[in-house]
> 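To start, I am sharing the structure in question, which I have written as structure tokens.
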Protein chains: 2
Amino acid sequence: MTDDARSPFDHPANALVLEVFRLNGALIRCGDALVKPLGLTSARWQVLGSIAHGRGTFSVARLADNMGLARQSVQRIVDELAEAGLVGFEPNPAHKRAKLVVMTPRGQRVFVRATELWRPIADAMAGGLALRELRKTTDNLAALRGRLEDQADNGSSE
Amino acid sequence: MTDDARSPFDHPANALVLEVFRLNGALIRCGDALVKPLGLTSARWQVLGSIAHGRGTFSVARLADNMGLARQSVQRIVDELAEAGLVGFEPNPAHKRAKLVVMTPRGQRVFVRATELWRPIADAMAGGLALRELRKTTDNLAALRGRLEDQADNGSSE
DNA sequence: GCACAATTGACAGCATGCTGCCAATATGGC
DNA sequence: GCCATATTGGCAGCATGCTGTCAATTGTGC
């Protein structure tokens, strides 16, 4: 069953879009299952990853920008992580209100554990592709997103 | 700002995963904005697309399988589309309970209109990539998903 | 220094994905 | 034919994304 000219919905980009949706869903489901034993979810794990990436120098707003999400989406997750004792807040010398989000020791341990669980899955998933091909694919996705967002911006101003 | 060895989270697949998340989010936001004037959302538009793809020969459960989503996720959208008068139900000769989901004439008009709005955006987004490259990228994503899901399956049984 | 814009977080509410549980309807083994 | 199983839809509830609005803080232009 291939999707040919069955409907007016037949653009070469559509197959890619559908595959992005499917892969996104599969990644979230897999991640949820993977880190559930640690009391995490995909979303909380991702936020921990962003905090690790910034080494505790980011406010919630910066985290959200880096992840491409709305501030409030990240804010709620961070608040829940704080309630669970996995992250905390440090005073920000540059901004009294925008505190810096840092991992607690417990948060660090959980994040390291999640990373260990993920590595073999990532190896197996990416193993079939040459590193070059993997990078090329990533670059192509980024380029597609760049042009999509340009379109969205232009479209709203015209 | 590149993400080097700042944390234990440093696998070549991670850049791709993050880009899939970002592109997925960008596509949904763009789609929501695009079809909002038609009274649609990304999710409803996608379900209409699946119905069009099956030409009205699919039950809700089949639609969900095709989209890689849980049945209930699709069920709610279909119910809402039915309430909005965009889809209807035909009796299924093979199953009294599992009715076939079909577009109403109004649903068809809305879907065609959405497709017209999407085409120039898709052209602009994919335009920077050769058709070959676009297909290759799509295939790579599908391959990654296949291996990811295999891992998930094996992992649960071992 | 002061008013105005931009940034940030708090709170409330919606859309869409998920799961779990139950009832109704096939389907298959006996 | 009958009972166990699978499939399907209905209902309820949760997680995570979004938006809009408001207050607190910071930065800018005069």
Side-chain angles (χ1 to χ4, degrees), chain A residues 20-36 39-48 50 58-84 87 89-101 152 156, chain B residues 20-36 39-48 50 58-84 87 89 91-101 152:
Chain A
V20 169
F21 289 159
R22 288 196 201 98
L23 181 53
N24 179 76
L27 284 167
I28 288 176
R29 279 190 292 272
C30 173
D32 278 342
L34 192 70
V35 299
K36 186 170 192 178
L40 285 180
T41 62
S42 281
R44 294 178 191 195
W45 178 24
Q46 269 180 262
V47 170
L48 286 182
S50 279
F58 288 165
S59 65
V60 167
R62 296 258 334 244
L63 289 172
D65 280 352
N66 287 352
M67 301 177 69
L69 299 183
R71 275 202 314 287
Q72 286 315 110
S73 311
V74 177
Q75 183 79 54
R76 185 164 34 74
I77 304 285
V78 167
D79 289 344
E80 289 166 0
L81 286 172
E83 203 172 341
V87 309
F89 300 96
E90 294 282 334
N92 185 347
H95 197 304
K96 193 191 291 185
R97 189 174 179 136
K99 303 208 186 78
L100 302 179
V101 185
S156 63
Chain B
V20 168
F21 289 160
R22 289 198 201 95
L23 181 53
N24 179 76
L27 284 167
I28 289 175
R29 280 191 291 273
C30 173
D32 278 341
L34 192 70
V35 298
K36 187 171 190 175
L40 286 180
T41 62
S42 280
R44 294 178 192 196
W45 178 23
Q46 269 180 262
V47 170
L48 286 181
S50 278
F58 288 165
S59 64
V60 167
R62 295 258 336 244
L63 289 173
D65 280 351
N66 287 352
M67 301 177 70
L69 298 183
R71 276 202 316 286
Q72 284 318 109
S73 312
V74 178
Q75 183 78 53
R76 186 165 32 74
I77 304 286
V78 166
D79 288 345
E80 290 166 359
L81 286 172
E83 202 171 343
V87 309
F89 300 95
N92 185 346
H95 197 304
K96 191 191 292 186
R97 188 176 180 136
K99 303 206 186 80
L100 302 179
V101 185

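Order of the sequence lines sets the chain letters (A, B, ...), proteins ahead of strands, with each chain counted from 1.
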> To the nearest Å, give me how far apart NE2 (A/H95) and P (D/dG27) are.
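Going from A/H95 (NE2) to D/dG27 (P), I get 7 Å.
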> Please list, chain by chain and in numerical order, all residues satisfying side chain to side chain donor-acceptor pair (under 3.5 Å) with B/E80, sequence neighbours excluded.
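Here the qualifying residues are B/R44.
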> Which atom names give the shortest non-hydrogen contact between A/M67 and A/V74, and what distance separates them?
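So the minimum-distance heavy-atom pair works out to SD-CG2, 4.3 Å.
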> Could you tell me how far apart B/F58 (CZ) and D/dT7 (P) are, to the nearest whole angstrom?
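Rounded to whole Å, this separation is 17 Å.
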> Distance-only criterion, 3.5 Å: show the donor-acceptor pairs between side-chain atoms of residues 20-36 of chain B and protein atoms not counting sequence neighbours.
unit_1, atom_1, unit_2, atom_2, d
B/R22, NH1, B/E19, OE1, 3.0
B/R29, NH2, A/G68, O, 3.4
B/D32, OD1, B/S42, N, 2.7
B/D32, OD1, B/S42, OG, 3.2

> For a quick check, with a 4.0 angstrom heavy-atom cut-off, what is the B/S/- contact string for nucleotides 10-19 of chain C, read 5' to 3'?
BB----BBBB
> Check A/N92 against A/K99 and note the closest heavy-atom contact, atom names and distance.
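Minimum heavy-atom contact is CB-CA, 4.2 Å.
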> Go nucleotide by nucleotide along DNA chain D from the 5' end; which of B/K36 and B/V60 gets its closest nucleotide reached first?
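It is B/V60, whose closest nucleotide lies nearer the 5' terminus.
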> Hey, are the side chains of A/F58 and A/L100 touching, using non-hydrogen atoms and a 4.5 Å cut-off?
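SC-SC contact between A/F58 and A/L100 ruled out.
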